[in-house]
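On a predicted model such as this, the values are computed, not experimentally measured, just so you know. We name chains A, B, ... by the order of the sequence lines, and we start the count at 1 in each one.
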Number of protein chains: 2
Amino acid sequence: MSEASCPARLLSPIFKVLAEPNRLAILCALGTECRPVTDIIHATKLPQTNVSFHLRILREAGLVRAERRGSFVYYCLPDPELLAILQSFQAWARAHTPMLTLVEGDGNDNISPTKRRTRSCG
Amino acid sequence: MSEASCPARLLSPIFKVLAEPNRLAILCALGTECRPVTDIIHATKLPQTNVSFHLRILREAGLVRAERRGSFVYYCLPDPELLAILQSFQAWARAHTPMLTLVEGDGNDNISPTKRRTRSCG
DNA sequence: CGTCAATATGCGCAAAAATACATGTGTAAA
DNA sequence: TTTACACATGTATTTTTGCGCATATTGACG
């Protein structure tokens, strides 16, 4: 059980691509359809060069696919299941991380582990 | 469909935490059990300060929980479902990204979209 | 109380990554 | 072929982030 069954090296580059808010916004803007870059620019309100920059990273990671149609380049997800996975992940996040835009938490997320002795996990 | 249903702002910080290979390795080293930091250090072969550094980030993200037992601090996942989600993600990655440690791909992952006219998505 | 082991933190640095700006490329139409 | 539009790329700059080192804190023990 050294690292063969550990998804670290496999998932890390994908998570690194998905960690960028603008890239996630681009994926969401795409949804399940193919859309030209101009649409993405309008949907995300990002400058064109920035959108192209992120699209390249998404493309090289295999998270989007590009096809030219005339003078437009359409981008789409290679698999709609990716959106489903993202949403299930989102559901988990909603349930387990109170560190959102919520005004305040119970203060349990920023304690120093040196301070507690709860002992409920063992 | 502006950004309320878009998981960008919600998932981005979590992905950012998960994007670090050593942090994923720590999560994998934890598995479903609670283990003291020393165990994690041995399992990951990382220097102690580095492990503590990453553990803090994981803790503040709500991805691990810390409990002191005597002079040891045990870390564990707040929810075993996280591992399941990671594995489903891994399954998806295996199927959709040939950009792994594979010696070579079909060359379809680094093409410039300016070069192609496949037209199979419309 | 002094010491040791376990763990956390502050700081400086180096590497990486994101953004903006300028520019290049390709395609369609005049 | 010239112009205009859609998109990509290269470069410089700034910000972020991971790491190592030294050090501080905490608890067990004598």
Side chain of [X] only, please: which of [options] is the nearest?
X: B:His54; options: D:dG10, C:dT9, D:dC19; result: D:dC19
X: B:Thr38; options: C:dA6, D:dC7, C:dA18; result: C:dA6
X: A:Arg56; options: C:dA18, D:dT9, D:dC19; result: D:dT9

**OP:** Indicate, with a heavy-atom threshold strictly under 4.0 Å, whether A:Glu20 touches base, sugar-phosphate, or nothing.
**Re:** sugar-phosphate
Original post:
Heavy atoms under 4.0 Å, any strand shown: does A:Ser52 hit a base, just sugar-phosphate, or nothing?
Top reply: base
With a 4.0 Å cutoff (strictly under), does any side-chain N or O of [X] reach OP1 or OP2 of [N]?
X: B:Tyr75; N: C:dA6; result: no
X: A:Arg68; N: C:dG26; result: no
X: B:Asn50; N: D:dG18; result: no
X: A:Arg23; N: C:dA18; result: yes
X: B:Lys16; N: D:dT17; result: yes

Original post:
So, A:Arg35 side chain and A:Ala29 main chain: donor-acceptor pair closer than 3.5 Å or not?
Top reply: yes
Original post:
Taking the side chain from B:Arg68 and the backbone from B:Gly70, do they hold a donor-acceptor pair closer than 3.5 Å?
Top reply: yes
**OP:** From the options B:Val64, B:Leu63, B:Leu58, B:Thr32, select the one residue that forms a side chain to side chain contact (heavy atoms under 4.5 Å, CB included) with B:Leu77.
**Re:** B:Val64
Subject >> Given DNA chain C, 5'-ward residue of the pair A:Thr49 and A:Asn22, judged by closest heavy atom >> reply: A:Asn22
Subject >> Toward the 5' end of DNA chain C, by each residue's nearest nucleotide, B:Leu55 or A:Ser71 >> reply: B:Leu55
Original post:
Parallel under 30°, tilted from 30 to 60°, perpendicular over 60°: which one fits the rings of B:Phe15 and B:Phe89?
Top reply: perpendicular
